[in-house]
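Excluded from the calculations below are hydrogen atoms, water molecules and symmetry mates; all remaining heavy atoms, backbone and side chain alike, are included. Residue indices begin at 1 and follow the sequence shown. Because the structure is predicted, anything quoted here is derived from the model rather than measured.
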Amino acid sequence: MSAIMGDLETDRQPPMTIPLAHFVVGFCFLLLGGLLGIVDAVAGGVGLTRLSHIHLLFVGWICLTIMGAMTQFVPVWSGVELHSRRLALAQLWLLTPGLVGFVAALLAGNLGWLPLFGSVMLVGFWLFVYNVGRTLLCARPFDVTERHFAFALGTFLLLTILGVLLAIDFTQPLFGSSLPRGQILMAHATLAVFGAVLATVLGALYQLGTMFTQTSLHGIDRPLKRFEEIAYPTGVLALAAGRLVANGSLARVGGLLVVAGILAVGVILARRLFETRVPWTPMLSRYAVVAVAMVLWALVTAPAWVADPLARATLFGTESPHLLAFGVVGFVVLGTLYHVVPFIVWVHRYSDRLGYETVPMIDDLYDARVATADLVALVVGTGLLVVGERFAVPASVFAVGGGIAVVGFALFVGNMLLVVRDHSPQGLGRILVPTSASRDSRAVDSRPEER
């Protein structure tokens, strides 16, 4: 029998080990990236440490989490079968060593290896795009979430091409004066952050923000949604193109459309949280931080991009990139995983036991006190990072903020890993070595005679 939770058809999902393996590997990259960020802050940006830090967080944590989440929830939300479980595993085992090798080459100064490891990551990303894209093609007509996801998949293709070209350019110059490396880099980063990552985040929030507050879009939400669906993708492409060819007017228009789109979703999310019909959970608490951060980011970014959308200092819209990276993207990922990880484990371990024995609720699987502690640490840490970037304060403030944020990340990772270790029917070890033919634990646990 299909396990239905709200409108989700959980019998469409892949084996539990596939998305959880993405999340667990992503947790490792999150902690490594956070620690490297502290080293970079203390050392004052020595060598290519900052570039390594950025790739560990955005590729290793954010993108791997997105890949695992899409693999899990596109089939669930769209009511279609995942195109290929083997490709879902292949993308993980290509991207992981590719990123490890890429970062190791950067830190060791062996730049000749960058094109090889960059190409390995490109193949991993393209397998993901093909697999999820083929899955989405079976879902017609697209809803607002699926349209955002389709756009994000397209930007994944573009940004990885530019990324490999940039890696090659480290050792064999490809770009001339007509199209300098700096402009390619700006376009690559724009497509990565605002296209692949934030388009996915915005699309998911339309589903998650209504589903987990048990509310619906109404009133001003609907025209804001219609505006954002057109303005945001158009703005991302215009901003990236303007930066690529150093056209300030095109980048300015695109940037303002991006700002308006993110502000619109921030207002919609704030309204959903204000009208929520359910008790507050760690997921909703972190979404509240996201709504505030979206509005603040839009307010400080609009004048910065009007003044100069081509400046490296305003690459992410403001002198405080952590406001966007942690305040918006990070807290969306953290809040979502506080439900997604326990949800996946609960469905496979406990859903078929309902009516036969007492089972815990989804929110009982993690430690609520640790969840509160990591929220406080991450809010304080992110706040100090933003203040340290935006105002003239001692470098120690930035380092302390980074340290507190890493403590918050460690608490979060520990909380999630304990959920997997203590409640997963397959255990943490099996999660890290998944196979495409992994048995569905619900079938194992659903035999009444064994209860």
Side-chain angles (χ1 to χ4, degrees), residues 16 19-38 56-57 60-62 64-65 68-69 72 208 212-213 273 276 278-293 322 325-350 358-385 400-432:
M16 173 184 66
L20 286 184
H22 284 75
F23 300 154
V24 171
V25 174
F27 294 159
C28 298
F29 285 128
L30 167 62
L31 295 180
L32 289 174
L35 292 173
L36 197 58
I38 295 176
L56 283 172
L57 289 181
W61 176 41
I62 300 296
L64 265 182
T65 300
Q72 171 72 20
L208 300 172
F212 293 109
T213 58
L273 293 169
T276 183
V278 300
W280 280 76
T281 63
M283 181 183 197
L284 298 187
S285 299
R286 284 149 184 79
Y287 281 7
V289 176
V290 173
V292 173
H322 284 91
F326 285 2
V328 177
V329 177
F331 275 94
V332 167
V333 173
L334 294 169
T336 303
L337 289 180
Y338 254 115
H339 184 87
V340 168
V341 172
F343 169 76
I344 295 173
V345 172
W346 187 92
V347 166
H348 286 81
R349 178 70 181 271
Y350 298 111
T358 301
V359 300
M361 300 295 290
I362 292 173
D363 291 330
D364 294 332
L365 302 190
Y366 55 80
D367 191 313
R369 294 169 299 180
V370 175
T372 300
D374 80 56
L375 174 63
V376 172
L378 285 166
V379 169
V380 172
T382 301
L384 290 175
L385 288 172
V400 169
I404 295 174
V406 169
V407 170
F409 286 134
L411 290 172
F412 161 77
V413 169
N415 216 3
M416 293 296 96
L417 291 181
L418 287 176
V419 170
V420 177
R421 190 199 69 178
D422 295 342
H423 298 279
S424 166
Q426 294 176 310
L428 184 58
R430 289 287 300 278
I431 294 300
L432 291 173

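Residues Leu334 and Asp374 have side chains not in contact (no heavy-atom distance under 4.5 Å, counting atoms from C-beta outward). Considering only heavy atoms from C-beta on, Tyr366 comes within 4.5 Å of Pro282 through its side chain. Val341 has its side chain out of reach of Leu365: every pair of non-hydrogen atoms, C-beta onward, lies at least 4.5 Å apart. Looking at heavy atoms from C-beta onward, Val413 lies in side-chain contact with Leu30 at the 4.5 angstrom threshold. Side-chain atoms of Val420 and Phe27, non-hydrogen and from C-beta on, never get closer than 4.5 Å to each other.
Of the inter-residue distances, the one linking Thr65 atom OG1 with His22 atom NE2 reads 9.5 Å to the nearest 0.5 angstrom. Rounded to the nearest 0.5 angstrom, Leu32 CG and Trp61 CH2 are separated by 13.5 Å. Note that CG of Leu411 and CZ of Arg369 are 12.5 Å apart. Values are rounded to the nearest 0.5 Å. In this structure, CZ on Arg286 lies 8.0 Å from CZ on Phe412, to the nearest 0.5 angstrom. Atom OG1 of Thr281 and atom OH of Tyr287 lie 9.0 Å apart (nearest 0.5 Å). In this structure, CG in Leu337 is found 13.5 Å from CZ in Phe343, a value given to the nearest 0.5 Å.
In this structure, Leu385 and Ala405 approach most closely via the heavy-atom pair CD1-CB, 4.5 Å. Nearest approach of Val329 to Ala325, heavy atoms of both residues: CB-O, 3.4 Å. The shortest non-hydrogen separation linking Gly68 to Pro19 is O-CB, 3.6 Å. Pairing each heavy atom of Ala291 with each of Leu273, the nearest pair is CB-CD1, 4.5 Å. Closest approach of Phe23 to Ala69, counting heavy atoms only: CE2-N, 3.7 Å.
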*Take Asp367 and Leu418 through the test side-chain contact (heavy atoms from CB on, under 4.5 Å) and record every step on the way to the result.*
CA-CA 9 Å; Asp367 191 313; Leu418 287 176; over 6 Å; no
*Quick one: do Leu20 and Val345 satisfy side-chain contact (heavy atoms from CB on, under 4.5 Å)? Show the steps, please.*
CA-CA 9 Å; Leu20 286 184; Val345 172; 3.9 Å; yes
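Salt-bridge annotation for Asp422 and Arg349: absent, with no side-chain N of the basic residue lying under 4.0 Å from a carboxylate O of the acidic one.
Ring geometry for Phe212 versus His339: interplanar angle of 30 to 60°, hence tilted.
Take Val380 and apply the side-chain contact (heavy atoms from CB on, under 4.5 Å) test, not counting sequence neighbours, and it matches Val376, Leu384, Ile404. Remark: Thr382 pairs with Phe326, Phe331, Val386 by the side-chain contact (heavy atoms from CB on, under 4.5 Å) rule, at least two apart or across chains.
A donor-acceptor pair is defined here as one N or O able to donate and one able to accept, closer than 3.5 Å; no such pair exists between the side chain of Trp346 and the backbone of Asp363.
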